[in-house]
Amino acid sequence: MSMTQITPDHAHVAVLAFPFGCHPWPLLNLACKLAWATPHVRFSFFNTSKSNQRLFSTSQVDLPDNLKAYDVADGVPNGHVFTPGNPIEELELFIKAAPESFGKAMDMAVAELGRNISCLLTDAFMVCACEMAQNMHVKWVPFWVPAPYCLSAHIYTDIIHKTYANACGNGNGGVVGGLKPIDNTLDVIPGLSTMRFCDLPDEVLQGDSNSSLFSQTLYRMSKVLPQASAIVMNSFQEINSNIITNDLKSKFQDVFYVGFLTLTLPPPPLPPSHSDTTGCLPWLDKQKPTSVAYISFGTVAAVPPNEFVALAEALEASGVPFLWSLRDNFKQILPNGFLQRTSLQGKIVPWAPQSHVLAHSAVGVYVTHCGYNSVFESIVGEVPMICRPILGDNMMNGRMVEAVWGIGVRVEGGVFTKNGMLKSLELVLRHEQGRRMREKIKELKEVVVKAAGSNGFASKDFKTLVEAISK
Ligand code: UDP
């Protein structure tokens with residue numbers, strides 16, 4: 001693509017989404033926020049058609065006139081049959097095809113608009129964007145969707161491997177005082193001393209050797225991110241440790257904390273086009289304050305079937321009213337007759353307006369996989385959590401919830417059992433410990449609310465980002 005001299009009136013930001021899990025939502029929200037703030041800049045949002053369909057049917061944003069969404073090819077060959085039980089396959093086909101699919105779609109948008117691309121704003125997982133931006137002689141501004149402490153884990157992958165290998169190689173399988181190396185704390189990484197090796201995403205622990213294309217891509221990401229013009233954080237600086245922030249700022253050209261992109265404080269009313277079609281909110285209106293358990297494991301994570309049954313049995317035995325966001329394909333795993341027997345006690349829906357649900361006064365506990373967005377929606381809703389981390393960043397988030405912020409409890413033994421879950425429900429909903437969690441979560445929410453105000457870092461960093469991408 002040839003580059004002409006770009007003036008603000010010519011700026012055209014290509015936004016490249018990573019179409020898995022919750023990743024496209026905060027990126028779309030960021031792009032919309034930037035587009036509203038810079039009416040003279042054009043934004044082209046590129047994402048696979050499957051992800052775009054899902055995004056636009058569930059997103060609550062109003063699309064600005066200067067932002068247009070484009071579908072890109074997903075890399076899945078025609079007639080391809082997926083191997084059952086290998087969710088990573090779709091992701092890897094996408095990664096392989098991404099440079100070509102996004103390249104073609106960008107060419108189309110440039111031709112349609114008559115404006116060359118002046119900046120690539122991409123999900124940080126879109127590692128190919130680094131080279132694309134270099135070839136196009138434009139800025140690359142990656143957006144880091146998970147928590148900043150996860151970025152630390154990624155950029156220190158080499159040190160993590162070395163330390164872990166040393167710990168394992170002490171001749172005794174690394175066991176010291178009954179603790180396995182996987183339980184050791186990550187003291188060696190600035191700001192991560194409360195985390196343990198077992199909290200790290202698999203992709204970080206596996207690293208580059210003999211690993212999946214996805215792990216290799218994330219490893220490459222940790223190497224190329226320092227070349228980016230700036231990294232944008234889906235977080236507030238105020239809730240992160242200064243050690244981590246200072247360390248990240250020393251590693252990258254610029255770090256902008258623009259706040260949580262999936263949260264608006266207070267949550268706006270649901271727009272009519274995305275109304276609560278499953279009737280969650282009216283159902284909650286009929287329940288007592290702080291009485292309901294809301295259950296959701298996000299958009300990708302799957303709880304093993306035996307644990308799933310234990311969770312259902314515990315809910316039924318507890319008598320606690322529950323609202324369960326449960327993808328339809330999981331319903332068949334529920335115990336026989338569960339749906340009929342609990343039809344008055346609970347409500348099961350395929351999709352809930354989650355941030356509104358968690359902000360409802362009837363919800364008393366959130367049973368969660370500790371997805372990053374979910375955790376912060378819970379904090380803003382002042383709802384303590386029962387944590388069953390499953391994959392990716394879930395374990396690190398769960399450690400923060402329980403050990404650092406004290407606003408939730410990890411389910412006994414780390415997996416759902418009927419008795420363990422009954423105890424956790426009792427603890428959070430009825431015990432003094434649950435009351436203390438509620439107090440702590442209120443304090444944390446206050447920090448978030450203040451950080452989101454006009455004097456917070458997010459407001460200043462957003463303005464700097466606007467200037468950076470408009471040039
Ligand atoms: N979500 C929702 N309704 C549901 C289930 C999930 O709105 O029924 C939203 C939830 O509010 C959150 C996102 O999906 O914003 C899930 O993101 P998270 O980072 O928690 O988990 P992931 O899906 O990436 O594992």
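Order of appearance sets the numbers: ligands from 1, and atoms from 1 within every ligand. One-based numbering along the sequence shown. Since we're looking at a predicted model, the values are computed, not measured.
Residues Trp144 and Phe125 bring their aromatic ring centres within 6.0 Å.
Under a cutoff of 6.0 Å and an axis angle of 45°, Lys33 and Phe462 form a cation-pi pair.
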Ignoring hydrogens and angles, write down the donor-acceptor pairs under 3.5 Å from the side chains of residues 307-325, residues two or more places apart or on other chains.
residue	atom	partner	partner atom	Å
Glu307	OE1	Arg388	NE	2.7
Glu307	OE1	Arg388	NH2	3.4
Glu307	OE1	Phe416	N	2.9
Glu307	OE2	Arg388	NH2	2.7
Glu316	OE1	Arg341	NH2	3.1
Glu316	OE2	Arg341	NE	2.6
Ser318	OG	Ala314	O	3.4
Ser318	OG	Leu315	O	2.7
Ser318	OG	Val320	N	3.0

For residues 82-90, run the donor-acceptor check on the side chains, cut-off 3.5 Å, and write out each pair with its distance to 0.1 Å, sequence neighbours left out.
residue	atom	partner	partner atom	Å
Thr83	OG1	Glu89	OE1	3.1
Glu89	OE1	Thr83	N	2.8
Glu89	OE2	His80	NE2	2.8
Glu90	OE2	Lys50	NZ	2.9

Tabulate below the donor-acceptor pairs under 3.5 Å that side-chain atoms of residues 295-306 make, not counting sequence neighbours, or state none.
residue	atom	partner	partner atom	Å
Ser296	OG	Gly298	N	3.3
Ser296	OG	Gln354	OE1	3.3

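Other residues, nucleotides and ligands place more than 12 heavy atoms under 6.0 Å from the CD atom of Gln345.
Within 4.0 Å of ligand 1, counting heavy atoms only, the contacting residues are Cys22, Tyr294, Ser296, Gly298, Thr299, Val300, Ser325, Trp351, Ala352, Gln354, His369, Gly371, Tyr372, Asn373, Ser374, Glu377.
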